[in-house]
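A quick write-up on the structure given underneath.
All chains are named by letter (A, B, ...) in the order of the sequence lines, taking the proteins before the strands, and each is independently numbered beginning at 1.
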Amino acid sequence: MDVSHIFDDLNESQREAVSAPEGPLLVLAGAGSGKTRVLTYRIAWLVQALSLSPLSILAVTFTNKASHEMRGRIEQILGFPVGGMWMGTFHGLSHRLLRAHWQEADLPQAFEIMDAEDQLRLVKRVLKDLGLDESYWPPKQVQWFINSHKEEGIRAANMAPSQDDQQRQLQNVYLRYEEFCQRLGLVDFTELLLRALELLRNNDTLRNRYQNRFKHILIDEFQDTNTIQYQWLKLLAGQHQNIMAVGDDDQSIYGWRGAKVENILQFEKDYSGTKIIRLEQNYRSTATILNAANAVIRHNDGRLGKELWTQGEEGSAIKLYAAYNEYDEARFVISSIERWVDEGNRRDSIAVLYRSNAQSRVFEEILIERGIPYRVYGGFRFFERQEIKDALAYLRLINNRDSDPSFERIANVPTRGVGNKTLDTVRIRVRDTQTSMWKACLELLQQQKLTSRAANSLGQFVALIERLDADTQAMTLPELTEHVVKHSGLIAHYQKEKGERGAARVENLEELVSATRQFHFDEENSETDPLTEFLLHAALEAGEGQAQEWEDCVQLMSLHSAKGLEFPLVFLAGLEEGLFPHQRSIDEPGRLEEERRLCYVGMTRAMQELVLSYAEIRRLHGKESYTRPSRFVDEIPDEYLAEIRMTGNRIKTVAVGSSTSSVIAKHGSDSGYKLGSRVRHAKFGEGTVLNLEGQGEHARIQVNFQSAGNKWLVISFAKLELVA
DNA sequence: GTTGTGCGCTTTTTT
DNA sequence: AGCGCACAAC
């Protein structure tokens, strides 16, 4: 087969990677160096040049989004669908293994995936069972203890008994937590990975089967693999060692989740004869953006060493806006967005990035106010919303009475008189007789162990679930969902909630019904029914890809979600000490470096324009506080920066004058022009000064002309007149 | 026993 | 802003 077309769009090192001989391969790929391209073309090359079946390839990515995207691109290159190819996230692939081999993995067939919230509830319950005080044993920290040990592959049973009382108690909680999960068939996110790893490790037949099946293994974002993920990979690549890892140590941003950058170094040691290829040419960003990002990341120690370069244009300076407060910041960002769109650009060429999801709210407010369509990634995702989780809990309980997390969630939602005391009675019974909440509840009712009032309320709940189940037997998934949402009383319950919040929740519930309508059930590739399949989908893909996915809209997301994406215009908001770098990372050098890498990731998302901003006063957690600009801003050399201060008519509602920042007039102070002042040009007419950069005869000025729009002019040639 | 309300306290990033 | 907790009201 002629495969030469595969190489047409690749540079020298990319080609080398794509067509590398079999064996271990490590690709150190800088931001925007064509990493995804190399991975997809490598897969295409394996299929076309080596005539490998797509079924014998395993490709691992970090997000569902990345995996969908890659599958699409491969199909595009190959010209035929590769549905049978194993491609997905570590979690998704592990889940697939466990579903297929639930018996061997010692799980019930209907095992259920818990999200972080369910897990936290369960931790709290275990703490309560053990009589431990939550103020002394913060549930979040206990959760972290459990997860970080699982990420290292350490089970409670394998832990050496500790001398330290506190440590011993934590181990005990961990042990009880595991027992609980095992009894109820509950699997948390990390358990998916660990369980799948143990399955492969302990079961020779299965391990051999999969080792033989997957002739080639490819892994994206290798710098973000944790200990058990890497072990999982090594186990599968065991025989042939045809493993290609692609990563960038400068983009390792998941250390807090147990990711080990060291895996990159370890890879070389584990696989002797590893071929290493570096991709250092950047095709994404302008030279200015790239140089600035390089300057920031250079402040980190212990890098593998890699300097990105580009043949591309210098591009315009990175803009820096010192806002008065977060509203001023949002208004500035959004008026810049409007201008960009007015110039004929698409809205989806724009991303607003921030450190923490809470920051999205203000941007959303202003975007709504200005009628600009937008889409928020991450954060409060659809399937994670309270009302949606309530509805899903009803569906789960109808599907599987023994789902304790669901029972706990909705036994008293909407309120029906099942209070804490009653639930505690059920919980104690569960603990003593080792059953599920549902069964314990039936037994208590049958044996009349409850007060008549409690029995009445609880009986109502039991009857409701049974009735919902009976009534919906013959229904399709959307009909069933609609029926349940209505007759569970959830709609009525949330209608009572005051303000817009309640209305939004009701809307979301209706949205859930339409989500089930859009959910296409793949009958051929599934052993279960549509409801079960939909619930699994909801558990693993927390609601990316809602409705207006294809609409042209502005993209809002956290820096973490932005990894792997690129946009012509990028805003990096909230560059303040304490927010970014985050307060909780400032004191620890290692964590601070991770924040810096996060900044690097953010900056390198930008293709043409990068705009940074910070607020001098920010309302955080309901408190207003004065902030300092982020140290990362200082780490960008001045020559790449242009500071903007808008005053007067462009941004109306802001009292900019009240704050005195030292950075206001760093540039252009010798030119006689001020940001925001009005000027007249012989040809372009009147306009407002937006920006100034450079000194002396090279000094340039950016003016927004009423008729001609935005222009950059060299001051010494432009012959501008100040308008009084 | 259960529900509603007001108070004080913590507050990141994701599968 | 969201959660647990204490206290008053049904």
*Looking at every strand, decide which applies to A:F62 at a 4.0 Å heavy-atom threshold: base, sugar-phosphate, or nothing.*
sugar-phosphate
*For A:T422, which contact category applies under a 4.0 Å heavy-atom criterion: base, sugar-phosphate, or nothing?*
sugar-phosphate
*Is the closest side-chain heavy-atom distance between A:F632 and A:M603 below 4.5 Å?*
no
*Check A:Q223, A:E151, A:E152 against A:K260 for a side chain to side chain donor-acceptor pair (under 3.5 Å) and give me the one that passes.*
A:E152
*Closer to the 5' end of DNA chain B via nearest nucleotide, is it A:E594 or A:N420?*
A:N420
_Which is more 5' along DNA chain B, the nucleotide nearest A:T63 or the one nearest A:G419? Just name the residue._
A:G419
*Gap between atoms CZ and P, on A:F580 and B:dT13 respectively (whole Å)*: 13 Å
Between the protein and nucleotides 6-12 of chain B, list the N/O to N/O atom pairs that are separated by less than 3.5 angstrom.
residue : atom : partner : partner atom : Å
B:dT11  : OP1  : A:R584  : NH1          : 3.4
B:dT11  : O2   : A:H621  : ND1          : 3.0
B:dT11  : N3   : A:H621  : ND1          : 3.4
B:dT12  : O4'  : A:H582  : NE2          : 3.3
B:dT12  : O2   : A:R355  : NH1          : 2.9
B:dT12  : O2   : A:R355  : NH2          : 2.1
B:dT12  : O4   : A:R591  : NH1          : 3.0

*Taking protein heavy atoms under 4.0 Å as touching, what does nucleotides 4-10 of chain C look like 5' to 3' if B marks base contact, S marks sugar-phosphate-only contact and - marks none?*
S------
*Contact class for A:N412 vs. all strands (heavy atom < 4.0 Å): base, sugar-phosphate, or nothing?*
sugar-phosphate
*Please say whether more than 12 non-hydrogen atoms of neighbouring residues, nucleotides or ligands are located less than 6.0 Å from CD in A:Q448.*
no
*Shortest non-hydrogen contact between A:D224 and A:I253, atoms and distance*: OD1-N, 3.3 Å
*NA contact type, A:T451, heavy-atom cut-off 4.0 Å: base, sugar-phosphate, or nothing?*
nothing
*Is there a donor-acceptor contact under 3.5 Å linking the side chains of A:R201 and A:Q231?*
yes
*asked:* Can you measure A:R385 atom CZ to C:dG2 atom C1' for me and round it to whole angstrom units?
replied: 16 Å
*Could you tell me the separation between the CG atom of A:L450 and the C1' atom of B:dT2, rounded to a whole number of Å?*
15 Å
*Grab the CG-C1' distance between A:L565 and B:dT14 for me, whole Å please.*
14 Å
